Amino acid sequence: MELLLDYATLKVLWWGLVGVLLIGYALTDGYDLGVASLLPFVAKNDKERRLVINSIGPMWEGHQVWLITGGGALFAAWPYVYAISFSGFYLAMFVVLAALILRPVGFKYRSKRESTTWRTSWDWALFVGGFVPALIFGVALGNVLQGVPFDIDRTLRATYDGGLIGLLNPFALLCGLASVAMLVAHGASWLVVKLEHGPVMDRAAGFGQVAAIAVIVLYALGGIWLAMGGMGYRIVTDIDPNGVANPLRKEVVVEAGAWLGNYGKYPWMILVPALGFIGSAIAFVGLRKKSALSMVGSGLAATGIVGSVGTAMFPFILPSSINPNASLTVWDSSSSHLTLFIMLIVTVIFVPTILLYTAWVYKVLWGRLTTEEANSASTY
Amino acid sequence: MPDLFVADLSRWQFALTAMYHFLFVPLTLGLSMLLVVMEGAYVMTGKEVWRRTTKFWGTLFGINFVLGVATGITMEFQFGMNWSYYSHYVGDIFGAPLAIEGLMAFFLEATLVGLMFFGWDKLSRPAHWMVTFLVALGSNLSALWILIANGWMQNPVGSEFNPDTMRMEVTDFMAVLFNPVAQAKFVHTVSAGYVTASVFVLGISAWYVLKNRHLGLAKRSMAVAASFGLLSALSVVVLGDESGYALTDNQKMKLAALEAMWETEPAPAGLTAFGIPNAKEHKTDFEVKIPYVLGLIATRSLDGKVEGILPLVAVAEDRIENGIRAYKAVETLNNDPNDVQAREIFEQTKTDLGYGLLLKRYVDDPATADRATIEKAAWDTVPNVALSFFSFRIMAGLGFIFIAMFATAFYFVSLKRNVPRWFLRLALFAIPFPWIAAELGWVLAEAGRQPWVIDGVLPTFMGVSSLSVTQVIITMAGFTLLYGTLAVIEISLMIRAVKLGPGARILPKGVGGGMADTMNEPVPAKPRTIQFDQ
């Protein structure tokens, strides 16, 4: 069957689309994770806590679907990546799952009882549900950048040589902290946009400014480490972008500094990490002035930072540290031509639809949330 | 070779998390629809009692919905975590419906559910009703895509093995979408969800009537549940998914197993009403048979044959031998993709490749398997007969009981307009049973498909990740602890919400409260029957 787009084009488009889904997640649920991480610190009593919780109460559920759809899209478009990363990061995945499971129940069940112990417990559950995934997502990316200890045999069965503790290496922890800072800045920005003026917003703006500066510092450190720390992989054999998806048909070398190679080859790509810095700076200014600029800045920063992992590694998706030849790349880890094409059509139809009705829901819920409204009978 | 113990543990974990997830799904499917009906009545009539009714069931819907969502995240990720080789092997086909489910259905339902709870004062009545409708539509579409994925596991159409990528790839996406097994499963599962919600609403309303509380709400809810439940209960049984069983060798095997039918009978075969399957001697003890019925149900004809277990095992043996040839051809092609002869053998035998993989349980290289091993592998294609046999009987039996119950409810509520107390007690007592039926339905569907994870294509043990036993035990313990705790909290909040009744929220003392409803209702003395004149 002749399809409208050739295989190589579809592979690159899907690299972009997975990026869109991940950035969509960072932009939407990212601020929910940040708000939840801030919850115990910006809100001191039950009224304030409900103010913070209800600032994201009606929306977080839709936001979370970016992650779930991201998982589904990974499964459909890059089955090897889904299979190998999720099983490789097994226990870390479990920790993320457990944390994410606490979140919906925390929102829904917290205000069903008046007991202080009950509510405080759920507040900490919500904190865990925000902070832990924010940290682990960053740690995971940090490990992906260094290469992950997996191998693939001839039947394409993957084995993994590492555990949970190995994931917690210094570079990965740096990435984890950068991720937390980024999402906390984003969450604080949301609180500045959404909450009534008052002590909670002031505290959020304060934490947010610290976080925005932390993002700039940690992200810069990460960049320097990336350049000097001996990280990077490069394909040395000829690649056929239209070739079959079999990751064992190429040769890859470990090459220090290779992750910065793309920025020399395609200078426009420098804009992506630059956005990470510029966005954080804008967020800092916005948080200082308590204006909506903060949200624009933190959004740009998240887009740039998540995007820069992709642009640095392209065409790599998941490099293998123990058998670099088995690394997963855009060219050899995707689904078949037909599946990529069908999924592209579905995505092109539904992502704009989703954005439309999400925008409508935002419109209905538009306006600053007051303590009184957040503490009424019909909220969390 | 994959670790068989890790595979068993992973199966238990999957069963545990999937069955737990499915405690919440059917109620979400059905209750969302019932909310559309109730809110529709509010929008049409403008009567306050309908709004209160909708909001009350909406509260229970919310408590349930949230755990469905929470445990659904596990389902989406668990394939990659525990079933890594499976994910690689069939992701090209299986991943698509999961991703489409997210894009088309789950986004819709999750984005709007917030407005459903918080938008009562922010939206016009019809707009809020539309939101409720879209949430219900989203959850039901969600079920459609998940069952398209599961239907493909049961009847893997529209795809073939590609030796270059060592995986199954889609050849005909429309065939995957319109897979008859998936269609039958969708109608059956969604109807089962409607039955669950109807039993739930009927039972709780009956309790209110027994307690003389919230009668306006309870009577209206009973009326809705009785008619909706009757239609759904008929749909579950009449459109049960047995129609899909005649399609493949393994679907045939599942049918034979759930009937504990060892030999092929002359058409039309009889239905075993009762018996005790004896797997050792290949017979069913104490069998009570109803002539012709099975042939009629399973083949929808008088002359269609329903094959027995023993002849199907013989078929499996032939296919395993073919599968060995396919496996060898794949090995050759793996070394040299241009080997013309191997390509030709592969083309002839590729549909039996999965049968060759069955031998991997016993030997590393299927080509070295001896006669006895092949026979053993052929017998592996028989699922647990007793489990399938009894799961099916309890599930189907409950299905008929629900029809009878809703027919009775409909008769009392709509025609006689009064409901005797014995029936109210019965309705309350019936609440857990749709869940039992639904869970057994999944036991039958999934255990009945064994030893395959993808019917005839990939044996379950082959699909597992290269994990250590310790890792899986840690997560199993973790899930058990987490899910157990949440179940206790969920049920206690649910009971609390029911006891508090409509209009009750956590409020500062003296503001609003749950009394409004009862205050407006006359409080009659306990009669033997409850009048339904409204």
Side-chain angles (χ1 to χ4, degrees), chain A residues 57-59 61-62 64-65 68-69 71-73 75-77 79-80 82-87 90-91 93-94 97-98 100-101 103-105 107-109 111-114 154-160 244-246 335-336 338-339 342-343 346-347 350-351 354 357-358 361 364-365 377-379, chain B residues 62-63 66-67 69-74 76-77 79-82 84-85 87-88 91-93 95-96 98-104 106-108 110-115 117-120 122-123 164-167 169-170 173 334 465-467 471 474-475 478 482 486 489 493 505-507 512:
Chain A
M59 289 307 301
E61 208 145 2
Q64 178 174 272
V65 186
I68 295 171
T69 303
F75 201 170
Y80 296 102
Y82 172 82
I84 294 174
S85 61
F86 282 32
S87 60
Y90 187 74
L91 290 178
M93 286 295 297
F94 172 73
L97 276 178
L100 287 179
I101 287 170
R103 209 159 60 124
V105 259
F107 279 114
K108 194 81 199 177
Y109 293 174
S111 299
K112 297 266 178 211
R113 281 172 188 272
E114 276 182 283
R154 283 179 50 249
T155 65
L156 297 187
R157 180 180 292 281
T159 45
Y160 189 86
V244 294
N246 186 326
S335 288
S336 65
L338 180 57
T339 297
I342 291 164
M343 288 310 298
V346 174
T347 312
F350 283 102
V351 169
I354 291 161
Y357 60 66
T358 305
V361 174
V364 173
L365 297 167
S378 58
T379 50
Chain B
I63 296 173
V66 82
L67 271 186
V69 171
T71 54
I73 315 173
T74 310
E76 187 87 12
F77 290 180
F79 294 104
M81 289 170 67
N82 289 74
S84 161
Y85 197 63
S87 303
H88 146 67
D92 195 65
I93 308 113
L98 292 199
I100 300 175
E101 186 257 351
L103 288 164
M104 182 191 281
F106 194 37
F107 254 119
L108 184 68
T111 305
L112 293 176
V113 78
L115 274 193
F117 291 117
F118 301 116
W120 281 98
K122 295 186 196 306
L123 294 167
D164 285 322
T165 53
M166 294 297 284
R167 68 181 179 198
E169 291 185 355
V170 70
F173 192 66
N334 205 321
S465 302
S466 310
L467 297 168
Q471 281 175 313
I474 290 174
T475 57
L482 186 64
L486 292 180
I489 297 173
L493 284 177
R505 293 277 319 197
I506 305 293
L507 292 176

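All of these numbers come straight from a predicted model, not from anything done at the bench.
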Heavy-atom distance under 4.5 Å to chain A: side chain of [X], backbone, both or neither?
| X | answer |
| --- | --- |
| B:Val170 | both |
| B:Leu103 | both |
| B:Leu482 | side chain |
| B:Glu76 | both |

Check whether [X] gets within reach of chain B through its side chain, its backbone, both or neither, counting any heavy atom under 4.5 Å.
| X | answer |
| --- | --- |
| A:Ile68 | both |
| A:Met93 | both |
| A:Ser85 | neither |

- Task: May I have the step-by-step check of side chain to side chain contact (heavy atoms under 4.5 Å, CB included) for B:Thr165 and A:Tyr80, ending in yes or no?
- Result: CA-CA 11 Å; B:Thr165 53; A:Tyr80 296 102; 4.1 Å; yes
- Message: The test is side chain to side chain contact (heavy atoms under 4.5 Å, CB included); show your working for A:Phe75 and B:Ser87 and say whether it passes.
- Response: CA-CA 7 Å; A:Phe75 201 170; B:Ser87 303; 3.7 Å; yes
Choice from [options] maximising heavy atom contacts with chain B below 4.5 Å:
| options | answer |
| --- | --- |
| A:Thr155, A:Leu365, A:Leu100 | A:Thr155 |
| A:Ala158, A:Ala83, A:Pro104, A:Gly71 | A:Ala83 |
| A:Asn246, A:Val244, A:Val361 | A:Val361 |
| A:Leu156, A:Val351, A:Val364 | A:Leu156 |
| A:Ile84, A:Thr347, A:Ile342 | A:Ile342 |
| A:Arg154, A:Met343, A:Arg103, A:Gln64 | A:Arg154 |

Where is the tightest heavy-atom contact between [X] and [Y], given as atom of each residue plus distance?
| X | Y | answer |
| --- | --- | --- |
| A:Pro58 | B:Phe118 | CB-CD1, 3.5 Å |
| B:Phe77 | A:Leu97 | CD1-CD2, 3.8 Å |
| B:Asp92 | A:Ser335 | OD1-CB, 2.9 Å |
| B:Ser466 | A:Thr159 | OG-CG2, 3.7 Å |

Leading residue by heavy atom contact count with chain A [cutoff under 4.5 Å; candidates [options]]:
| options | result |
| --- | --- |
| B:Ala110, B:Gly478, B:Gly102, B:Gly114 | B:Ala110 |
| B:Gly72, B:Ala96, B:Ser465 | B:Ala96 |
| B:Asn82, B:Val69, B:Leu67, B:Leu98 | B:Asn82 |
| B:Ile63, B:Ile489, B:Leu112 | B:Ile63 |

- Message: Closer than 3.5 angstrom, by distance alone: can the side chain of B:Gln471 be matched with the main-chain N or O of A:Leu91 as a donor-acceptor pair?
- Response: no
- Message: Given 3.5 Å as the limit, does a donor-acceptor pair link the side chain of B:Tyr85 with the main chain of A:Arg157, or not?
- Response: no
- Query: CZ/A:Phe350 to CD1/B:Ile100 distance, rounded to the nearest 0.5 angstrom?
  - Reply: 8.5 Å
- Item | Value rounded to 0.5 Å, distance of OH in A:Tyr90 from CD1 in B:Ile474 | 9.0 Å
- Task: Decide side chain to side chain contact (heavy atoms under 4.5 Å, CB included) for B:Phe117 and A:Glu61; before the verdict, give the C-alpha distance in whole Å, the side-chain angles of both, and the deciding distance to 0.1 Å.
- Result: CA-CA 12 Å; B:Phe117 291 117; A:Glu61 208 145 2; 6.0 Å; no
- Message: Within the 4.5 Å heavy-atom criterion, are B:Phe106 and A:Thr69 side-chain neighbours or not?
- Response: no
- Query: Tell me, do B:Thr111 and A:Val65 make a side-chain contact under 4.5 Å, heavy atoms counted?
  - Reply: no
